[in-house]
There are 2 protein chains.
Amino acid sequence: MITLTEENYIKAIYHLGKHGKNMVNTNAIAESLETKASSVTDMVKKLAEKDYLNYKKYQGVILTEKGRQVAVNIIRKHRLWEVFLVEKLNFTWDEVHEVAEHLEHIKSDKLINELDSFLEFPTHDPHGDPIPDKNGIFNTIDKISLSQANIGNTYKCIGVEDSSTNFLQYLDSNNIGLGTTITVLHKEPFDNSVKIKLHTKEMVVSQNVAKNLYLKVL
Amino acid sequence: MITLTEENYIKAIYHLGKHGKNMVNTNAIAESLETKASSVTDMVKKLAEKDYLNYKKYQGVILTEKGRQVAVNIIRKHRLWEVFLVEKLNFTWDEVHEVAEHLEHIKSDKLINELDSFLEFPTHDPHGDPIPDKNGIFNTIDKISLSQANIGNTYKCIGVEDSSTNFLQYLDSNNIGLGTTITVLHKEPFDNSVKIKLHTKEMVVSQNVAKNLYLKVL
DNA sequence: ACTAATTTTTAGATTAGTCTAAAAATTAGT
DNA sequence: ACTAATTTTTAGACTAATCTAAAAATTAGT
């Protein structure tokens, strides 16, 4: 059995090692988890013993495949719960993280797979980060909706979800079309509206518009 | 801050003391939590110190008002999560308890109150047990739907939720009307259908029928 | 390459929750 | 009321996760 603390170490190491691919040093883990280097040394010894990572004294640690799978599964749970909180329970996207930190540790395959289905298999969380599927595979198609886009990033418009005349006319009258370059300036937590820059003009679009506009990462 | 273990002790004491009203002895707590009497003694000392209960050596413990509130809040969370799991995530009513045991410890007022609203303020969980509101008050009106009724109990039919012609004709053709006495024989976890006895006849009704038929406890 | 600064590990202590085994208090039987 | 059985508490020890302080290894500067 894996403990809550072990899961948090593995998750931190995964993020620090850029998806668990790189070696991570003791101080970085300590800082990330707001603990002391000596505590980290103790824990990584235990995690190495349990085969979640490889540990070389004074060198650092790197996740094993087993450890990487644990990390990806926690991330999947975290991000699915974030979608649930925002879409069903009226949380704003900056309120979700803390609660999701707890929900991500609930252990039940049925729970998380039914939640995935209930949410209609979302591919990205409210911050725009990708959600791995039940096999731990991240969707590599880089199509996301504007509401999933990250602040500060620039995208190209590649399509719509809602192709109603009303929506297309709205886009047209605001000079948004296929190929339009859009930079995300701000996401308003209160109503999930999004402030964007297009061409040289700035504008705010509603959550409804943002959800129906598909973008590609540039 | 209250720990997960402390919460579980308080919950057990609440149930054993019939809603926290009666004194509970050490061995009963130990048996209920599958631990040893010596561990219980240690823990109740700590809980008494924190004012969740009153402890008299060799006598037993009784919850304080503060302790009772903690217990009721955990029960509220447990039962709301059970409703969510059954109604939204296709759990059967005998699968929910274990997962709800974990979910009940997530601490977020916003989470639980939004969940309550999302579920449309249910008054009973899938086992027929009442759900206290956000102030810790149990609904004392004994109207429940057939799907919330307990196996083995007998009820009187007092109304319907769905008053469509189709539904009323269905009830009529099966000799179910206002005042009809109904005993719950079996609840089928697979599809949430309910086997009932009425007059002297037995029949099975679907989940849909069960949710729309209101009963009063006899 | 040798000292200085940094990073990491070790050693020993602490806290929460648990356990076993023995002692103390209570309850029950005659 | 006195012994026997039961229940409860105490005492001491264990594990997981943490900490501080000191020691050891690595890295950097000249």
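Numbered from 1 within each chain, the chains take letters A, B, ... in sequence-line order.
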*Looking at A:Leu185 and A:Ile151, what are the two nearest heavy atoms and their distance?*
O-CG2, 3.6 Å
*asked:* Is there a side-chain contact between B:Tyr9 and the phosphate of C:dT18, meaning an N or O under 4.0 Å from OP1 or OP2?
replied: yes
*Can you check whether A:Asn27 has a side-chain N or O nearer than 4.0 Å to OP1 or OP2 of C:dT6?*
no
*asked:* Taking any heavy-atom pair under 4.0 Å as a contact, classify B:Thr5: base, sugar-phosphate, or nothing.
replied: sugar-phosphate
*Are A:Tyr55 and C:dT9 close enough that a side-chain N or O sits under 4.0 Å from OP1 or OP2?*
yes
*With B:Glu104, which residues qualify under salt bridge (Lys or Arg N to Asp or Glu O under 4.0 Å), at least two apart?*
B:Lys11
*Hey, which of these two, A:Tyr58 or A:Ser39, hits DNA chain D nearer its 5' end, going by closest nucleotide?*
A:Ser39
*Given that both distances must come in under 3.5 Å, which nucleotide forms a Watson-Crick or G-U wobble pair with D:dC14?*
C:dG17
*When you get a sec, tell me which of D:dT18, D:dT10, C:dT8 is the closest nucleotide to the side chain of A:Thr35?*
D:dT18
*Rounded to whole angstroms, how far apart are NZ on A:Lys56 and P on D:dT26?*
13 Å
*If you look at every strand shown and take non-hydrogen atoms under 4.0 Å, does A:Thr26 touch a base, only sugar-phosphate, or nothing?*
sugar-phosphate
*Starting from P on C:dC19, measure out to CD on B:Glu34 and report it in whole angstrom.*
11 Å
*asked:* At less than 4.0 Å, is any side-chain N or O atom of A:Asn25 found next to OP1 or OP2 of C:dT7? Yes or no.
replied: no
*Rounded to the Å, how far apart are B:Ile29 CD1 and D:dT7 C1'?*
13 Å
*Assign B:Asp42 to base, sugar-phosphate, or nothing according to its heavy-atom contacts below 4.0 angstrom with the strands shown.*
base
*Decide whether a cation-pi geometry holds between B:Lys143 and B:Tyr214; the criteria are a distance under 6.0 Å from NZ or CZ to the six-membered ring centre and an angle within 45° of the ring axis.*
yes
*Please determine, for C:dT30, whether a Watson-Crick or G-U wobble partner exists with both distances under 3.5 Å, and give it or none.*
D:dA1
*Just call it for A:Ser38: base, sugar-phosphate, or nothing, with non-hydrogen atoms closer than 4.0 Å on any strand.*
base
*Please check the phosphate of D:dT10 (OP1 and OP2 only) for any side-chain N or O of B:Lys57 closer than 4.0 Å.*
yes
_Least distance between heavy atoms, A:Cys157 atom then A:Leu213 atom_ = SG-CD1, 3.8 Å
*Do B:Ser193 and B:Ser206 have side-chain atoms, one donor and one acceptor, less than 3.5 Å apart?*
no
*Can you tell me how far P of C:dT7 sits from CE of A:Met23, to the nearest Å?*
17 Å
*Mind calculating the distance between CE (A:Met43) and P (C:dT9) to the nearest angstrom?*
15 Å
_Show the nearest heavy-atom pair for residues A:Ser108 and B:Phe91, with the distance to one decimal._
OG-CZ, 4.3 Å
*Mind calculating the distance between CD (A:Gln59) and C1' (C:dT8) to the nearest angstrom?*
11 Å
*Which base, if any, makes a Watson-Crick or G-U wobble pair with C:dA25, both distances under 3.5 Å?*
D:dT6
*What is the pairing partner of D:dT20, taking Watson-Crick or G-U wobble pairs with both distances under 3.5 Å in any strand?*
C:dA11
*asked:* Less than 4.0 angstrom between a side-chain N/O of A:Lys36 and OP1 or OP2 of D:dT18, yes or no?
replied: no
